[in-house]
Amino acid sequence: MSLLPLEEKARFYAKKAVIADRNGVYDEAIKYYKKAIELFSTLIRLYPEAHFTSIYASLIKQYSNRIQVLEQYYSEAYGAGIKGNGPGRDSTPFEILYPGKRYDITFKDIVGLESVKNALKKAIIYPIRQPEYFPLGWPRGILLFGPPGCGKTYVALALANEANAILIQVSAANIMSKWLGEAEKNVAKLFKTARELAMKGEPVIIFIDEVDGLLRVYSDEVGGEARVRNQFLMEMDGLQDKGSKLLLFIVGATNKPWLLDIGFIRRFQKRIYVPPPDKKTRIKLFKHFLEKIGSKLKIDQSVDVEKLAELTEGYSSFDIESIAKEVVANVVSEHFEKTGGEGEPRPITMEDFIRVIKEIKPSIDERMIKAYGEWAKKYKSI
């Protein structure tokens, strides 16, 4: 078979696979993806030096990944004896947490981030407490962006408690991987549920963690990603009705704000930077963790929080917590190895912290901070 007919046939099957995928006919999509992969693999095998080899290898990888997702969907939705939330099932792909049924975290438990907490008070908490003072309405969409490990999810949980609001948690994995073909229906169900709760007078926060995974534009998307984005756009636009007094808010968190579709950036009216801890905050963090450690273990006077803050430039809040946990684990482990657990562990020293800091590297670097700074200059809105 000559090159051109074989290539045409491979592309023919790839096109049929994509059309079937978009129409929700996933068994046919899997079959045609496999045929396309087989033919593209043959082309690569016959013409290993050709210029198109890398292109077809990329397509093979893309289609293989899609087959894996589709086959996982069938396993979960239709597998014998498996209970899941596939098409036709009544369960929802999101978790609803009512006040008193979640972690007891408030803004007082969050060290630092005062500007973030103040911005959220203005955008959400005060309108919930006194909606009559906001005749022009209030923002409905709030985006928390910043480096990983700096407290975005923690802030969202605390926000729900501060506002005494119902929290509906959503993730890209929930929507996209388990409800293929019905993803946009579940987005509609999500907002319908939230509206019904809000219409009873309850404040409701929809929290989307890693929102870029759900609302970004993929260069190689072949499924229902675009339909899900369009559904979200329509639902979020519906919340912007100035006559609506529903206490319903969308809070998204992302480490990669630059991947978001520009349409969604505009719909998150408040875009709040959650920065890494500065030196002052790192001092507070070390004091906070030492206070907790000191309730059970002895702390040597050699431990200098200012010095620790200097040594942890570029570390996230999560990094600092990890350092504190590792120090405790090391001292307790040493105690058990030497005494078998008899008596009390020795006091934790400054040297214990320095040793761990040398082993745990910062998760944030200057280039990352610069990237967030540039995006913040362009889009930040508090």
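This one's a predicted model, so the numbers in the text were calculated from it and none came from an experiment.
Connection of Val155 to Leu97 is established within a shared hydrophobic cluster, with ILVMFWY side chains joined at heavy-atom distances below 4.5 Å, either directly or through further cluster members. Both Leu157 and Val251 are assigned to one and the same hydrophobic cluster, defined by single-linkage of ILVMFWY side chains at heavy-atom distances under 4.5 Å. The cluster map of Ile, Leu, Val, Met, Phe, Trp and Tyr, joined by side-chain heavy atoms under 4.5 Å apart, puts Ile105 and Val111 in different clusters. Hydrophobic clustering of Ile, Leu, Val, Met, Phe, Trp and Tyr side chains at less than 4.5 Å, counting indirect connections, keeps Ile110 apart from Ile320. Residues Leu297 and Met350 fall within the same hydrophobic cluster, defined by Ile, Leu, Val, Met, Phe, Trp and Tyr side chains chained together at heavy-atom separations under 4.5 Å.
Classification of the Phe134-Trp138 ring pair by plane angle, with boundaries at 30° and 60°, yields perpendicular. The aromatic rings of Phe145 and Tyr273 sit parallel to each other, their planes meeting at less than 30°, with 60° as the upper class boundary.
Between Arg282 and Glu310 there is no salt bridge, since no side-chain N of the basic residue sits under 4.0 Å from a carboxylate O of the acidic one. Of the charged side-chain nitrogens involved, none lies within less than 4.0 Å of a carboxylate oxygen, so that Asp278 and Lys280 do not count as a salt-bridged pair. Using a 4.0 Å cut-off between a side-chain N of Lys or Arg and a carboxylate O of Asp or Glu, Glu196 and Lys200 do not qualify as a salt bridge. We find that Arg11 and Glu7 are joined by a salt bridge, their nearest charged nitrogen and carboxylate oxygen being less than 4.0 Å apart. Taking a cutoff of 4.0 Å between a charged side-chain nitrogen and a carboxylate oxygen, Glu334 and Lys338 qualify as a salt bridge.
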Using side chain to side chain contact (heavy atoms under 4.5 Å, CB included), reason through Ile348 and Leu290 one step at a time and then give a plain yes or no.
CA-CA 10 Å; Ile348 292 174; Leu290 284 169; 5.7 Å; no
Please walk me through it: do Lys189 and Glu235 pass salt bridge (Lys or Arg N to Asp or Glu O under 4.0 Å)?
CA-CA 10 Å; Lys189 186 186 296 184; Glu235 298 289 354; over 6 Å; no
Checking Thr254 against Asp212 for the side-chain hydrogen bond (donor to acceptor under 3.5 Å, both in side chains) test, could you report, in this order, the C-alpha distance in whole Å, the side-chain angles of both residues, the deciding distance, and whether it holds?
CA-CA 6 Å; Thr254 178; Asp212 55 279; 2.7 Å; yes
Would you check, one step at a time, whether the test side chain to side chain contact (heavy atoms under 4.5 Å, CB included) holds for Ile168 with Leu197?
CA-CA 11 Å; Ile168 305 179; Leu197 291 169; 4.3 Å; yes
When you look at Ser317 and Leu285, which way does the side chain to side chain contact (heavy atoms under 4.5 Å, CB included) test go after all the steps?
CA-CA 8 Å; Ser317 304; Leu285 282 167; 3.9 Å; yes
Would Ser316 and Asp319 satisfy side-chain hydrogen bond (donor to acceptor under 3.5 Å, both in side chains), going step by step from the backbone distance to the final call?
CA-CA 5 Å; Ser316 70; Asp319 293 335; 3.1 Å; yes
List the steps and the verdict of salt bridge (Lys or Arg N to Asp or Glu O under 4.0 Å) for Asp352 and Arg346.
CA-CA 11 Å; Asp352 292 318; Arg346 65 169 176 79; 2.8 Å; yes
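At least one side-chain heavy atom of Asp109 sits under 4.5 Å from a side-chain heavy atom of Tyr154. Contact annotation: the side chain of Leu308 never approaches that of Asp304 to less than 4.5 Å [non-hydrogen atoms, C-beta and beyond]. For the pair Phe40 and Ile37, the minimum side-chain heavy-atom distance is 4.5 Å or more. Within the 4.5 Å cutoff, no side-chain heavy atoms of Ile250 are placed close to those of Ile205. Between Val187 and Val170 there is no side-chain heavy-atom pair separated by less than 4.5 Å. No side-chain heavy atom of Glu202 sits under 4.5 Å from any side-chain heavy atom of Leu247. Between Asn255 and Lys152 the shortest side-chain heavy-atom distance falls below 4.5 Å. Between Ile206 and Leu167 the shortest side-chain heavy-atom distance does not fall below 4.5 Å.
With Thr312 contributing its side chain and Ala309 its backbone, the two residues share a donor-acceptor pair below 3.5 Å. With hydrogens and angles disregarded, a donor-acceptor distance shorter than 3.5 Å links the side chain of Arg267 to the backbone of Gly263. With Glu326 contributing its side chain and Val356 its backbone, the two residues share no donor-acceptor pair below 3.5 Å.
The number of heavy atoms from other shown groups lying within 6.0 Å of CD (Glu342) does not exceed 12. The neighbour count for Lys117 NZ, taken as heavy atoms of other residues, nucleotides or ligands under 6.0 Å away, is above 12. Summarising the local packing, CE of Met234 is surrounded by more than 12 heavy atoms from other residues, nucleotides or ligands at distances under 6.0 Å. The local environment of NZ in Lys279 is crowded, with over 12 non-hydrogen atoms from other residues, nucleotides or ligands closer than 6.0 Å. Other residues, nucleotides and ligands place more than 12 heavy atoms under 6.0 Å from the CD atom of Glu359. For CZ of Phe318, the number of neighbouring non-hydrogen atoms (other residues, nucleotides, ligands) closer than 6.0 Å is 12 at most. Around atom CD of Glu351, more than 12 heavy atoms belonging to other residues, nucleotides or ligands sit under 6.0 Å away.
Note on residues 286-296: no pairs pass side chain to side chain donor-acceptor pair (under 3.5 Å), not counting sequence neighbours.
Scanning both residues, Ala165 and Val204, for their nearest heavy atoms gives CB-N, 4.4 Å. Summarising the geometry of Cys150 relative to Pro276, their closest heavy-atom pair is SG-CA, 3.5 Å, with the distance given to 0.1 Å. The two residues Tyr315 and Ile357 come nearest to each other via the heavy atoms OH-O, 3.3 Å. In plain terms, the two heavy atoms of Leu233 and Phe264 that are nearest each other are CG-CZ, 3.5 Å. For Phe353 against Ile323, the heavy-atom pair with the smallest separation is CD2-CG2, 4.0 Å. The minimum heavy-atom distance between Leu248 and Ala194, with the atom names listed, is CD1-CB, 3.6 Å.
If you look at Tyr372 and Trp258, their ring centroids are closer than 6.0 Å. Ring pair Phe232/Phe191: centre-to-centre distance below 6.0 Å.
In this structure, the separation between CD1 on Ile67 and OH on Tyr33 is 8.5 Å, given to the nearest 0.5 Å. Atom OG of Ser333 is separated from atom CD of Glu337 by 4.0 Å, given to the nearest 0.5 angstrom. In this structure, Ile128 CD1 and Glu162 CD are separated by 11.0 Å, a value rounded to the nearest 0.5 Å. Residue Asp209 holds its CG atom at 3.5 Å from OG1 of Thr153, rounded to the nearest 0.5 Å. Expressed to the nearest 0.5 Å, how far CZ of Arg271 lies from NZ of Lys380 amounts to 11.5 Å. To the nearest 0.5 Å, atom CD1 of residue Ile265 and atom OG of residue Ser381 are 12.0 Å apart.
Lys35 forms a cation-pi arrangement with Tyr13, by the criterion of a distance under 6.0 Å to the ring centre and an angle within 45° of the ring axis.
In summary, of the residues considered (Trp375, Phe268, Tyr379), a side-chain contact (heavy atoms from CB on, under 4.5 Å) with Pro257 occurs for Trp375 alone.
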